[in-house]
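Here's the structure we're looking at; comments come further down.
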There are 2 protein chains.
Amino acid sequence: MPYDPSEYPPFAVTVDLVVLTVRQHALCALTVRRGEEPFRGQWALPGGFVRADEDLATAAARELAEETGLLAHDSGSRHAGAHLEQLATYGDPSRDPRMRVVSVAYLVLAPDLPAPTAGGDAGGAQWAPVGRLLGTGGPAGERLAFDHATILADGVERARSKIEYSSLAAAFCPVEFTVGELRRVYEAVWGVPLDPRNFHRKVTGTPGFLVPVGGTTTRQGGRPAQLFRAGGASALNPPMLRPEG
Amino acid sequence: MPYDPSEYPPFAVTVDLVVLTVRQHALCALTVRRGEEPFRGQWALPGGFVRADEDLATAAARELAEETGLLAHDSGSRHAGAHLEQLATYGDPSRDPRMRVVSVAYLVLAPDLPAPTAGGDAGGAQWAPVGRLLGTGGPAGERLAFDHATILADGVERARSKIEYSSLAAAFCPVEFTVGELRRVYEAVWGVPLDPRNFHRKVTGTPGFLVPVGGTTTRQGGRPAQLFRAGGASALNPPMLRPEG
DNA sequence: ATAATAGTGTCTCTCAGACACTATGAG
DNA sequence: CTCATAGTGTCTGAGAGACACTATTAT
């Protein structure tokens, strides 16, 4: 295992972000318009180079803040930050036509945001339903640049399976939310309808999963609903079962 | 996003392997003795540099073959290969004192092997119980080099949770195995005893999980046990429940 | 015989899935 | 009033956990 710098091939290392949110009953991903070749004009996942003295997660959080203004927290904390976790790493030698690039993808789950603040160097940014981006449920329209469709698909699958056995779905909600809003998150992420009564019984019956915060709201119409915060229990046991699994 | 080579910082990219197996009722990991500084003489996870035109998974499979002679299969196939999957990527700027190294860790689940064939450039190789390597259940003896204790802990946790809802535990067994042998794998990986009757009912009652292969064996003593192969069903639903979870 | 493991059966309790039903707001 | 959503109750069937019991080998 020699470490002579001339002995190892040099790589560029980037982070790519799969930023997911739920908007109008649909799971959406943040995409940016590429301003340069290759894939100029196509949509891509936000991302960028890791700096020389920067940790991978730090680079991901920095890119997230540049693109959306969101503050990420790795885990724990209660303020209105987004959930950020490492997804996977993609390093096929031909994934970038110009050079050898290894990309560490991060998954971000964010509450519904007003509008992408196309900050930084990206030409434009928009939320797009993942069904359209992945060609499942709509015209197989604009494909994502590079291998970003694969990365996005992996991120969506991770999100779908993780909300089964964790309280991560609350990351898609504002700080205070109702049981019905949380249920609509599950329905959007899984793409299936859930029984409101059984869902209510399940989430309110799991100790530590939801913490009542006192108030009520009628922002969904109908009878006023209690407001909750996400509880400390991050594990959901037994898990919420995804129908037709 | 400029791609001028002088604009991006160069990284070295390596793969590190968490190779797990079950030996004598204990979950064990493959470790190699470091022959160079830093951490000379300490145990470390096997691994090495990714070559210039090599995919990450290919590099992991190559290192695995060099260290153990095992052939990995990404998924599918039925022959006596080991299971290999990407685990996570570690890139703290200070994780290697000499240079900026990003390491993509892979998890390998292998059946019990005769003995590590300390091939390649590693000075020596051995199977060590993960409890001893991680300091939980024994003297906090020789710590692993670099951040390899963290990587190993992540790999063990991945293996523990994955056998809950998949047929991956069979990757620790020879091609043909008995229900009792499979149960002892679960007990070793989770570190808890399981009820033999309930376990038998669960795994034989799940369609496609086990395929009877016809013969019997008494290699465990007692009444002869039927031999099975792993079935095509990779998902286990509902999952096997880990006690005291 | 004993000791070991393999395999089946049976009971209970929890819980998911399927409802019906009531409660409280907006229009 | 109607319509929407919130929240509770009730039944049923699947299955996990906790056993007892029988079967088949080695010694």
Side-chain angles (χ1 to χ4, degrees), chain A residues 24-25 163-165 169 173 176-188 190 192-228 233 235-245, chain B residues 24-25 163-165 169 173 176-188 190 192-228 233 235-245:
Chain A
Q24 300 148 30
H25 269 222
I163 64 174
E164 277 189 77
Y165 55 89
C173 295
E176 298 186 351
F177 54 88
T178 69
V179 173
E181 289 166 347
L182 185 64
R183 174 172 49 82
R184 275 177 278 275
V185 165
Y186 275 90
E187 292 177 333
W190 285 345
V192 296
L194 298 176
D195 185 291
R197 294 93 59 145
N198 293 335
F199 182 88
H200 190 282
R201 177 158 45 82
K202 172 77 175 175
V203 296
T204 57
T206 302
F209 191 67
L210 293 182
V211 177
V213 81
T216 61
T217 182
T218 59
R219 61 182 169 224
Q220 297 292 338
R223 169 177 167 179
Q226 287 182 61
L227 285 169
F228 294 89
L236 184 53
N237 206 307
M240 180 98 53
L241 293 180
R242 189 166 9 166
E244 63 188 323
Chain B
Q24 300 147 31
H25 270 223
I163 65 174
E164 278 190 76
Y165 55 90
C173 296
E176 298 186 352
F177 54 90
T178 71
V179 172
E181 289 165 347
L182 185 64
R183 174 172 50 81
R184 276 177 277 275
V185 164
Y186 275 91
E187 292 176 332
W190 285 345
V192 295
L194 298 176
D195 186 291
R197 294 96 64 159
N198 294 335
F199 183 88
H200 191 282
R201 177 157 46 83
K202 173 78 175 175
V203 296
T204 57
T206 302
F209 190 67
L210 293 182
V211 177
V213 80
T216 61
T217 182
T218 60
R219 62 185 169 221
Q220 297 292 339
R223 167 175 167 182
Q226 287 182 59
L227 286 169
F228 294 88
L236 184 52
N237 205 311
M240 181 97 54
L241 292 182
R242 189 167 8 167
E244 63 189 324

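Labels below follow one simple rule: chain letters A, B, ... track the order of the sequence lines, proteins then strands, and each chain is numbered from 1.
With sequence neighbours excluded, the residues satisfying side chain to side chain contact (heavy atoms under 4.5 Å, CB included) with B:Pro238 are B:Lys202. Judged as a side chain to side chain contact (heavy atoms under 4.5 Å, CB included), and not counting sequence neighbours, the contacts of A:Val213 are A:Glu176, A:Leu227, A:Arg229.
Each end of the helix from C:dA1-D:dT27 to C:dG27-D:dC1 yields a helix axis from five base pairs, and these two axes differ in direction by 0° (to the nearest 10 degrees).
The distance between atom CZ of B:Arg242 and atom P of D:dG17, rounded to the nearest whole Å, is 13 Å. In this entry the distance linking CZ of A:Phe177 with C1' of D:dT5 reads 17 Å, nearest Å. A straight line from CZ of B:Phe228 to C1' of C:dA6 spans 10 Å, rounded to a whole angstrom. Separating the CG atom of A:Asp195 from the P atom of D:dG7 is a distance of 15 Å, rounded to the nearest angstrom. Distance B:Leu182 CG to C:dA6 P: 11 Å, rounded to the nearest Å. When the P atom of D:dC19 is taken as reference, atom CG of B:Leu194 falls 15 Å away, rounded to whole Å.
Note on B:Arg184: only backbone sugar-phosphate atoms sit closer than 4.0 angstrom, heavy atoms only; bases stay farther off. B:Arg183 comes within 4.0 angstrom of sugar-phosphate atoms only, judged by non-hydrogen atoms across all strands, and of no base.
Taking each heavy atom of B:Ala169 and B:Tyr186 in turn, the nearest pair found is CB-CE1, 3.5 Å. Nearest approach of B:His200 to B:Val179, heavy atoms of both residues: CD2-CG1, 3.6 Å. Contact detail for A:Trp190 and A:Leu241: the closest heavy-atom pair is CZ3-O, 3.9 Å. Shown here for B:Pro207 and B:Ala233, the closest heavy-atom pair between the two residues is O-CB, 3.9 Å.
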Could you pull out the protein-nucleic contacts involving nucleotides 23-25 of chain D (nitrogen or oxygen on both sides, under 3.5 Å)?
from   : atom 1 : to       : atom 2 : distance (Å)
D:dA23 : O4'    : B:Arg223 : NH1    : 3.3
D:dA23 : N3     : B:Arg223 : NH1    : 3.3
D:dT24 : O2     : B:Arg223 : N      : 3.4

Below 3.5 Å is the cut-off: list the nitrogen or oxygen pairs between protein and nucleotides 10-16 of chain D, distance only.
from   : atom 1 : to       : atom 2 : distance (Å)
D:dA16 : OP1    : B:Lys202 : NZ     : 2.4

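Side-chain contact between B:Leu210 and B:Leu182: present, with at least one pair of heavy atoms (C-beta onward) separated by less than 4.5 Å. Two residues are said to be in side-chain contact when any heavy atoms from C-beta on lie closer than 4.5 Å; A:Met240 and A:Val203 meet this criterion. Using a 4.5 Å heavy-atom threshold, the side chains of A:Leu194 and A:Pro243 count as touching.
Contact annotation: A:His200 side-chain N/O to D:dA6 OP1/OP2 distance is not under 4.0 Å. For the OP1/OP2 pair of D:dA4 and a distance below 4.0 Å, the side-chain nitrogens and oxygens of A:Gln220 include no atom meeting the criterion. For the pair A:Arg197 and C:dA20, the criterion of a side-chain N or O lying under 4.0 Å from OP1 or OP2 is not met.
Within the structure, the side-chain hydrogen bond (donor to acceptor under 3.5 Å, both in side chains) test picks out the following pairs touching residues 212-222 of chain B (sequence neighbours left out): B:Glu181-B:Arg219, B:Glu181-B:Gln220.
Remark: the backbone N or O of A:His25 is not paired with any side-chain donor or acceptor of A:Glu187 at under 3.5 angstrom.
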